[in-house]
Amino acid sequence: MASRSNPAPSGSPKAARRLFAMSQPIVGTLAATYLRNRGLAALSNTASLRFHPRCYYRPDRHSETETWPALIASVTDLDGAIAGAHRTWLDPKGFSDATHNQTERAVGNHPRDFCDSSFFPACL
């Protein structure tokens, strides 16, 4: 994990790997509740999905940073290495995406070539 004296460049694959490492497995979390409420009840084999209880969110570069719970999905290259991460901020009750204008963002590399568009329609 990167130290504060050697931070990962914002939006970089290194930042994506660090965010994913800081997150926790989704079992028993708000992310699992969110997915179940969307009809995704079979949550086995979900190692590429994680939960961060206080993921940074900033509506724009002039706004204050907020923290919201978020579903974190790894985006891997063809060799399986984490090259990016996709964040979906969640409503604290787990019933929907958070209520701000942009509830999803990517960090790191997010090329369509290795994005599973069947699970993440934003990749289309």
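Below, each value reflects all heavy atoms present in this structure, side chains not excepted, and no hydrogens, waters or symmetry copies.
Here the CE-SG distance, from Met22 to Cys55, works out to 8.0 Å after rounding to the nearest 0.5 Å. One distance of note links OH of Tyr57 with CH2 of Trp89; it measures 7.0 Å at 0.5 Å rounding. We find the OH-CG distance between Tyr34 and Leu90 to be 6.5 Å, quoted to the nearest 0.5 Å.
Considering only residues two or more places apart in sequence or on other chains, Ser63 meets the side-chain hydrogen bond (donor to acceptor under 3.5 Å, both in side chains) condition with Asp60. Evaluation of the side chain to side chain contact (heavy atoms under 4.5 Å, CB included) rule for Thr29 yields Gln24, Ile26, Ala31, Ala32, Phe51 as partners, not counting sequence neighbours. The side-chain hydrogen bond (donor to acceptor under 3.5 Å, both in side chains) search around Thr67 returns Arg54, not counting sequence neighbours.
When all heavy atoms of Ala16 and Ala85 are compared, the closest pair comes out as CB-N, 3.6 Å. Closest approach of Arg87 and Leu19 over heavy atoms only: CD-CD2, 3.5 Å. When every heavy atom of Pro92 is checked against every heavy atom of Pro69, the shortest pair comes out as CA-CG, 4.2 Å. Nearest heavy atom pair, residue Ser23 against residue His52, reads OG-CB, 3.7 Å.
Side-chain contact check for Thr46 versus Leu35: every heavy-atom pair is 4.5 Å or farther apart. No side-chain heavy atom of Thr76 sits less than 4.5 Å from a side-chain heavy atom of Ser48.
The same ILVMFWY cluster, assembled from side-chain heavy atoms under 4.5 Å apart, contains both Leu40 and Leu30.
A donor-acceptor pair is defined here as one N or O able to donate and one able to accept, closer than 3.5 Å; such a pair exists between the side chain of Asp77 and the backbone of Asp79.
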